[in-house]
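Just so you know, these numbers come straight off a predicted model, no measurement behind them.
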Number of protein chains: 2
Amino acid sequence: MKLTRRQQEIYDILRDNLDHFDQPPTYDELCRLLGLSSRGSLHKHIQALIQAGLLEPMEGLQRGIRLVESVEVEEGIPFLGRIAAGRPIEAISQAALMKVPDEMLTGKSCYVLQVTGDSMIDEGIFDGDYVVIEQRDSADNGDIVVALVNNEEATLKKIKQQSDRVILYPANASMAAMVYKPEEIQVQGVLTGLLRCYR
Amino acid sequence: MKLTRRQQEIYDILRDNLDHFDQPPTYDELCRLLGLSSRGSLHKHIQALIQAGLLEPMEGLQRGIRLVESVEVEEGIPFLGRIAAGRPIEAISQAALMKVPDEMLTGKSCYVLQVTGDSMIDEGIFDGDYVVIEQRDSADNGDIVVALVNNEEATLKKIKQQSDRVILYPANASMAAMVYKPEEIQVQGVLTGLLRCYR
DNA sequence: TTGATTTGTTCTCCAGTTGTTCTCTATTCT
DNA sequence: AGAATAGAGAACAACTGGAGAACAAATCAA
């Protein structure tokens with residue numbers, strides 16, 4: 001909805017003076033601020049701003065003119081924390097959002113983890129890199145997955161699932177593959193992207 | 001639709017002065033700005049610009065002259081093309097925009113290239129990876145840079161600048177470093193981020 | 001509870017502004 | 001000459017913004 005000049009002006013004034021009121025202003029107060037002498041005139045503008053979704057509707061109450069909270073359109077996917085072989089995912093307290101290229105997103109639910117350790121170094125995933133993970137509970141053989149081992153350790157490894165066992169391969173010549181029973185391993189997600197920041 | 005000279009001129013002025021108005025200008029205001037004395041004359045030009053899709057139609061409302069908002073608030077930085085050692089940057093025809101984490105941006109002008117070849121494999125930069133580059137014409141020793149060699153080849157290498165020579169180190173045990181005269185090398189940008197898409 | 005006051009709403013009326021539509025003229029280019 | 005481009009100016013309807021009165025519901029005071 002497009003605003004007229006006066007509507008825009010009133011909205012701006014309303015925003016600018018929001019701190020100066022300790023209560024939401026009434027029509028009369030706002031009229032005084034705007035130099036209007038008629039509440040009826042102001043009412044038309046207020047209604048237009050409500051229509052535009054910029055002010056809260058009154059709903060029959062007399063509690064002053066309130067701005068609607070601006071709906072921030074935060075973009076990105078959540079950065080959940082660190083993943084290190086041998087420990088649960090170390091969750092970060094406040095989930096920051098991280099913008100990632102659309103190419104890394106799959107349409108399904110994705111999140112970002114920071115990798116700790118060198119277990120995937122031969123795949124070009126270094127200590128401190130960020131990985132984009134698609135949330136899933138199954139994977140194809142050869143996928144790099146976030147796997148939960150025995151319900152307590154989370155790890156990033158290449159997976160090979162056989163009927164009677166599951167093998168997790170690190171990508172590091174100096175580390176050995178680990179073999180588990182299928183019920184010991186729970187796939188939590190599949191690697192879809194890698195991010196690294198220099199400096 | 002082609003614009004006449006005056007139409008183009010008016011459109012440019014309109015764009016340039018958009019910040020100077022706090023409201024969309026009325027015909028009268030714009031007439032004053034253009035030195036016209038007749039709203040009717042301006043009206044013809046405005047109509048032509050509306051026809052051309054550059055201005056919003058009035059729809060019987062009196063809200064001033066508005067540019068059509070390019071609704072695409074496409075976020076991201078431009079993906080410019082491929083970089084391979086030994087060739088100029090292979091530019092892509094239409095510059096796509098790629099969203100990247102804020103952490104990879106420096107506040108200065110940045111762009112994305114796709115890496116071809118394995119010359120940086122030991123740094124975890126693989127064939128097909130995307131690199132985020134900050135546009136710069138100088139670098140610190142040890143930085144990974146996009147360097148233009150002899151004004152014709154572009155390459156991604158680690159740089160070491162000495163008073164009498166410049167050395168470009170690949171990060172690949174099977175490749176040798178190259179030594180150049182300072183005037184042969186032109187730094188085009190510095191690596192600030194890495195992106196890799198799986199699948 | 002009751003009455004007075006405040007507050008938001010609705011209505012009519014009015015003036016100035018704004019966009020539109022004319023006609024007429026001047027200039028430039030083909 | 002004719003077409004295209006540009007501008008001046010007048011006249012007009014519609015839109016915008018405002019005043020003020022009257023009203024009902026919410027709120028406050030006693």
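- Annotation: of the two residues near DNA chain D, B:Arg63 and B:Ile10, the 5′-most nearest-nucleotide partner is B:Ile10.
- Protein atom CD of A:Gln51 is 12 Å distant from nucleotide atom P of C:dT9, rounded to whole Å.
- Evaluation of atom-type donor-acceptor distances gives a pair under 3.5 Å for the side chain of A:Ser41 against the base of D:dA19.
- The existence of a salt bridge linking B:Arg32 and B:Glu29 is excluded, since no basic side-chain nitrogen approaches an acidic carboxylate oxygen closer than 4.0 Å.
- Between the CE atom of A:Met58 and the P atom of C:dG8 there is a distance of 5 Å, rounded to whole Å.
- One N or O donor and one acceptor, one from the side chain of A:Ser38 and one from the base of D:dG20, sit under 3.5 Å apart.
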Stepwise side chain to side chain donor-acceptor pair (under 3.5 Å) check, A:Gln114 with A:Arg82: CA-CA 5 Å; A:Gln114 187 172 28; A:Arg82 268 184 262 271; 3.0 Å; yes

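- Between B:Glu56 and A:Lys2 a salt bridge is recorded (basic side-chain N to carboxylate O distance below 4.0 Å).
- Using a 4.0 Å cut-off between a side-chain N of Lys or Arg and a carboxylate O of Asp or Glu, B:Lys158 and B:Asp143 do not qualify as a salt bridge.
- Not a single donor-acceptor contact under 3.5 angstrom links the side-chain atoms of A:Arg6 to the base of D:dG17.
- Residue B:Gly40 is in base contact, counting any heavy-atom pair closer than 4.0 Å across all strands shown.
- Comparing B:Gln62 and A:Ile50 by the nucleotide of DNA chain C whose heavy atom lies nearest to each, the residue mapping closer to the 5' end is A:Ile50.
- When the side-chain nitrogen and oxygen atoms of A:Gln47 are compared with OP1 and OP2 of C:dT9, one or more of them lie within a distance under 4.0 Å.
- Comparing B:Thr4 and A:His45 by the nucleotide of DNA chain D that holds the closest heavy atom to each, the one mapping nearer the 5' end is B:Thr4.
- One can place CG of A:Leu33 at 17 Å from C1' of D:dG18, the figure rounded to the nearest angstrom.
- Annotation: of the two residues near DNA chain C, A:Tyr27 and A:Arg5, the 5′-most nearest-nucleotide partner is A:Tyr27.
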Residue pair B:Glu9, B:Arg6: steps toward the salt bridge (charged side-chain N to carboxylate O under 4.0 Å, His left out) verdict: CA-CA 5 Å; B:Glu9 187 185 340; B:Arg6 190 58 165 152; 3.0 Å; yes

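- A straight line from CD of B:Gln23 to C1' of C:dT18 spans 14 Å, rounded to a whole angstrom.
- Here B:Leu42 lies out of heavy-atom contact (under 4.0 Å) with every strand.
- The phosphate of C:dG19 (OP1 or OP2) has no side-chain N or O of B:His43 nearer than 4.0 angstrom.
- The CD-C1' distance, from B:Gln8 to D:dA6, rounds to 16 Å in whole Å.
- The distance from atom CZ of B:Arg39 to atom C1' of C:dT17 is 8 Å, rounded to the nearest whole Å.
- Between the NZ atom of B:Lys44 and the C1' atom of C:dT23 there is a distance of 10 Å, given to the nearest Å.
- A:Ser37 has a side-chain polar atom (N or O) that falls below the 4.0 Å cut-off from OP1 or OP2 of D:dG20.
- As rounded to whole Å, 19 Å separates atom P of C:dT7 from atom CD of A:Glu59.
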